[in-house]
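Lettering of chains follows the sequences in order, A, B, ..., and the numbering in each one begins at 1.
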Amino acid sequence: MPLQLKLFGQLTDLCNTNSITMEDSRDTDILLEKLFHQFPELRKTKFIIAVDNKITTGNTLLTNESIVALLPPFSGG
Amino acid sequence: MNKNSNTYERYSRQIILKEFGTIAQEKLMDAKVLVIGAGGLGCAALQYLAAAGVGTLGIIDDDVVALHNLHRQILYTMEDIGSFKVLKAKEKLNALNPEVTIITYNERIHNNNAFKILSEYNIIVDGTDNFASRYLINDACVLLNKPLVYASVSQYEGQVAVFNCTGNTETIATNYRDLFPIVTNDDEILNCAEAGVLGILPGIIGNMQACETIKLITGIGKPLWNTLLTYNLLSNEIHQFQIQPTEMSHSMIPKTEDAFLQMNYKMNCQSELVPLEIEISLFDRLRESGKVEIIDVREPGELPLIDQFPSIHLPLSQINESNLEFTGDTLLLFCQSGKRSKLAAQILSRHFGTDKTIYSLKGGILNWLENRNS
């Protein structure tokens, strides 16, 4: 089952969309490598990863029902 | 609280709420809240905090009102352009609610003033516009154990979270470094001046900050403890993400006030702080305020000599790390045409980061003299 990826902030400009459907990945590291291959510009950008609405630290296992979000920091006030 | 008093009348519509009452209102009136940054977020948060009756509001900002602020910084009007934001904000908030004590700090938040100012308040609201200040405020709040109501905006999207408190003793409180442990270089992410922001967005997000602050003070509802809320104005999508404490965050926060004073937040984030070119009118207004240092960056021997106001001579060619000792928080730079002073302002901004505000006189001193003579 394909995996749903949500993009936030200026990542949507880089990828030209706010939602990407990716093929199933075992963990977030593998997912990111596939994503960087598809959108090389993302590799240069800072963002954090949330899996199923939890901010993650380090590589995180994914299920085929996981919803992954990529959130960049903002500084504007 | 006397039911026949003007104070009761002013707040009556929220006092009659079932879970609010006079007890919550009195908590608000006893509270002291510091809003850092009187920009888009700060303007919105300040108005509702003052209207709700927060007893003491501190406002810290060293900036002046500019025309490009007015689409989102709705405390200010055309007449306020060139005036210090904190002074105008205080005027407007006093007019809205004279029962609130407004304390202003016409300065920039930095290592040396953070502890002294933050320690006077119960809750800190971060409405700043750069990463260096955000990490600095976060670390000071962790060390002082102060709840921090964080928010930031970009283009059509905003983020809100409540840090350093959880409402219970079992849960560990998270902070900004748990959310973004890897310090972001200010050059990496476009700010409002570069990426743009729809004016109403900081209004919405700043109001959310005011709302979270009111919930923290009064105990109503469930604040965004250890939670990041994101709001997308275009799609109306709202998401909440749970933040978890991290070892990395713990290790990166200075452990003592002395260690905090040694932190170099501006280097860590390399704030780009685009040097502002200012027109003659603002240059003169800042100059006459007496709270600035004026620096002539022309080379020795360049004419005309300027004796109309006091200035320090620091030629652009001689600017280096060893001679950058200035006492003022705001530096006004000039040269003949404004080109070299702009370059000098970029160099000094790199060096001082958030510690100082640096302006370059647009058109240079020749333009200033011509304007003065005409």
Select one option (side chain, backbone, both, neither) describing which atoms of Asp52(A) are under 4.5 Å from chain B's heavy atoms. neither

Modelled atom types, side-chain donor and acceptor of Asn59(A) and Thr28(A), under 3.5 Å: yes

Quick one: do the Asp178(B) and Thr246(B) side chains pair a donor with an acceptor below 3.5 Å? yes

Given a strict heavy-atom distance threshold of 4.5 Å, which part of Leu179(B) is in contact with chain A: side chain, backbone, both, or neither? both

Heavy-atom distances under 4.5 Å only: say whether Gln73(B) touches chain A with side chain, backbone, both or neither. neither

Indicate yes or no: does Lys356(B) engage Glu107(B) in a salt bridge with an N to O separation below 4.0 Å. no

Taking the ring centre of each residue, are Phe8(A) and Phe241(B) less than 6.0 Å apart? yes

